[in-house]
Engineer: 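Okay, here's the structure, questions in a sec.
Atom set for the values below is all heavy atoms of this structure, side chains included, hydrogens, waters and symmetry mates excluded. Here the structure is a predicted model, which means the values were calculated and not measured.
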Amino acid sequence: MTPADATVRPVERADLLAVVRIERACFSDPWPYDAFERLLEEPAFLVAERDGAVVGYVVADATPNHGRDIGHVKDLAVHPEARNRGIGRTLLRSALARLRAVGVAVVRLEVRESNAAARSLYADEGFDPIRRISNYYRDGEDALVLVVDVAEWAEGK
């Protein structure tokens with residue numbers, strides 16, 4: 001599967017069970033169904049679909065901030081069987097573009113310090129670490145907070 005084989009589109013309520021299944025397959029402390037349900041209307045809750053099946057998703061929102069709105073990538077996952085094909089990058093780029101379209105200036109996210117694959121993806125897309133949060137995850141692991149200026153990101157694409 002290549003990124004061209006997957007279609008990125010806004011999430012629909014009917015996608016939520018597939019999203020939760022992917023969440024559970026990818027994370028040791030998965031979000032519950034109702035967490036995703038509460039985020040259905042966010043500007044960058046997107047799914048990647050291939051042959052009618054959801055294979056990945058991204059959840060990102062926007063918060064007003066005195067004319068310099070802040071986006072937050074809350075969750076991004078690709079089904080283990082669909083990884084290493086550019087789907088995560090395609091989802092991330094699509095979310096950043098949507099956030100930019102709704103006026104977001106800066107996007108932040110948290111990532112496990114040990115998640116080298118995700119950190120590499122985010123670095124490739126221009127995210128820079130700004131701080132570490134000790135014991136962020138339930139298992140005690142630290143998180144790195146990363147940010148990207150969306151206008152600079154768009155110029156680099």
Side-chain angles (χ1 to χ4, degrees), residues 3 6-16 18-20 22-24 26-27 29-49 54-79 82-83 85-138 141-157:
T7 302
V8 174
R9 61 170 174 76
V11 71
E12 298 171 1
R13 182 171 296 279
D15 299 320
L16 290 182
V19 167
V20 170
I22 294 168
E23 175 81 2
R24 289 178 181 159
C26 294
F27 301 112
D29 190 18
W31 286 13
Y33 180 94
D34 67 326
F36 290 105
E37 191 173 40
R38 285 191 303 269
L39 297 166
L40 273 171
E41 301 302 318
E42 293 302 337
F45 189 169
L46 309 171
V47 294
E49 185 177 56
V54 173
V55 295
Y57 62 88
V58 61
V59 181
D61 66 6
T63 302
N65 185 44
H66 309 290
R68 192 158 162 75
D69 296 354
I70 299 171
H72 185 200
V73 175
K74 295 175 172 292
D75 202 357
L76 171 65
V78 174
H79 192 283
R83 289 184 182 160
R85 294 176 175 97
I87 295 170
R89 183 178 308 277
T90 299
L91 282 163
L92 179 62
R93 287 179 174 175
S94 297
L96 291 173
R98 282 185 174 258
L99 291 172
R100 184 170 188 245
V102 298
V104 165
V106 175
V107 174
R108 72 178 173 91
L109 58 82
E110 299 80 24
V111 63
R112 281 183 180 270
E113 193 167 23
S114 66
N115 191 340
R119 288 177 58 192
S120 176
L121 167 64
Y122 299 139
D124 286 352
E125 293 301 317
F127 281 83
D128 292 314
I130 59 167
R131 72 177 189 268
R132 171 182 281 109
I133 303 174
S134 297
N135 300 309
Y136 182 81
Y137 295 98
R138 208 174 268 191
E141 185 172 354
D142 294 352
L144 297 177
V145 179
L146 310 178
V147 297
V148 66
D149 180 292
V150 182
E152 289 178 12
W153 170 81
E155 288 174 11
K157 298 294 143 231

Engineer: Out of curiosity, Asn115 CG to Phe27 CZ, how far, rounded to the nearest 0.5 Å?
Structural biologist: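 Nearest 0.5 Å value for the CG-CZ distance: 8.0 Å.
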
Engineer: For the backbone of Arg83 and the side chain of Arg85, can you confirm whether one donor and one acceptor N or O come within less than 3.5 Å of each other?
Structural biologist: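 Yes; judged by distance alone, with no hydrogens or angles, the pair exists.
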
Engineer: Yes or no on side-chain contact (heavy atoms from CB on, under 4.5 Å) for Leu144 and Tyr136, after CA distance, side-chain angles and deciding distance?
Structural biologist: CA-CA 9 Å; Leu144 297 177; Tyr136 182 81; over 6 Å; no

Engineer: For Asp142, does its backbone N or O pair with a side-chain atom of Glu113 as donor and acceptor, under 3.5 Å?
Structural biologist: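 Such a contact is absent between Glu113 side chain and Asp142 backbone.
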
Engineer: Take Asp29 and Tyr137 through the side-chain contact (heavy atoms from CB on, under 4.5 Å) test and state the conclusion after the steps.
Structural biologist: CA-CA 9 Å; Asp29 190 18; Tyr137 295 98; over 6 Å; no

Engineer: Side-chain contact, heavy-atom cut-off 4.5 Å: Arg9 with Val54?
Structural biologist: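 Yes - at least one pair of side-chain heavy atoms lies under 4.5 Å apart.
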
Engineer: Can you tell me how far the CD1 atom of Ile130 sits from the CZ atom of Arg108, to the nearest 0.5 Å?
Structural biologist: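 The CD1 atom of Ile130 sits 8.0 Å away from the CZ atom of Arg108.
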
Engineer: Would you call the rings of Tyr57 and Phe36 parallel, tilted or perpendicular, where under 30° means parallel and over 60° means perpendicular?
Structural biologist: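 Taking Phe36 first and then Tyr57, their aromatic rings stand perpendicular (interplane angle over 60°).
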
Engineer: Can Arg68 and Asp149 be counted as an ion pair, charged N to O under 4.0 angstrom?
Structural biologist: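 Salt bridge: yes.
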
Engineer: What are the two closest non-hydrogen atoms of Leu76 and Leu121, and how far apart are they?
Structural biologist: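 Scanning both residues, the minimum pair turns out to be CD2-CD2, 4.2 Å.
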
Engineer: Roughly how far, to the nearest 0.5 Å, is CG of Asp75 from CD of Glu23?
Structural biologist: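 Glu23 CD to Asp75 CG: 4.5 Å, rounded to 0.5 Å.
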
Engineer: Once you round to the nearest 0.5 Å, how far does CH2 of Trp153 lie from CG of Leu96?
Structural biologist: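 Answer rounded to 0.5 Å: 5.0 Å.
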
Engineer: Calculate, to the nearest 0.5 Å, the distance between atoms OG1 and NE2 belonging to Thr63 and His72 respectively.
Structural biologist: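 Going from OG1 on Thr63 over to NE2 on His72, the span is 9.0 Å.
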
Engineer: So which heavy atom on Glu42 is nearest to which on Ala62, and how close?
Structural biologist: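 Nearest pair, atom of Glu42 first, then Ala62: OE1-N, 4.2 Å.
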
Engineer: Tell me if a side-chain donor or acceptor on Glu125 pairs with a main-chain N or O of Leu92 at a distance below 3.5 Å.
Structural biologist: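 Pair absent, no side-chain N/O of Glu125 close to backbone of Leu92.
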
Engineer: Hey, is CZ on Arg24 packed in by over 12 heavy atoms from elsewhere, all under 6.0 Å?
Structural biologist: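 No, the 6.0 Å shell around CZ holds no more than 12 heavy atoms from other groups.
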
Engineer: Of the options Thr7, Val19, Val58, Val8, which is the one that meets Val47 in a side-chain contact (heavy atoms from CB on, under 4.5 Å)?
Structural biologist: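 Looking at Thr7, Val19, Val58, Val8, the match for Val47 under the side-chain contact (heavy atoms from CB on, under 4.5 Å) is Val19.
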
Engineer: As an exercise, state the distance from CG of Leu40 to CD of Glu12, rounded to the nearest 0.5 Å.
Structural biologist: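 Leu40 CG to Glu12 CD: 10.0 Å, rounded to 0.5 Å.
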
Engineer: Give the minimum heavy-atom separation between Leu46 and Arg98, together with the two atoms involved.
Structural biologist: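 For Leu46 versus Arg98, the nearest heavy atoms are CD2-NE, 3.3 Å.
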
Engineer: Which heavy atom of Ile70 sits nearest a heavy atom of Val104, and at what distance?
Structural biologist: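 Ile70 and Val104 have their closest heavy atoms at C-CG1, 4.0 Å.
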
Engineer: Restricting to non-hydrogen atoms, name the atom on Ala60 and the atom on Leu99 that form the minimum distance, rounded to 0.1 Å.
Structural biologist: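 Minimum heavy-atom contact is CB-CD1, 3.8 Å.
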
Engineer: Closest heavy-atom contact between Gly126 and Val148?
Structural biologist: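 Closest approach of Gly126 to Val148, heavy atoms only: O-CG2, 3.5 Å.
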
Engineer: Is a side-chain donor or acceptor of Tyr122 paired with a backbone partner of Leu146 at a separation under 3.5 angstrom?
Structural biologist: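 Here the side-chain-to-backbone pair does not exist.
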
Engineer: Under a 4.5 Å cut-off applied to non-hydrogen side-chain atoms, are Arg119 and Arg112 in contact?
Structural biologist: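 No. Closest side-chain heavy atoms not under 4.5 Å.
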
Engineer: Using modelled atom types and a 3.5 Å cut-off, is there a donor and acceptor pairing between side-chain atoms of Ser120 and backbone atoms of Ala116?
Structural biologist: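 Absent.
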
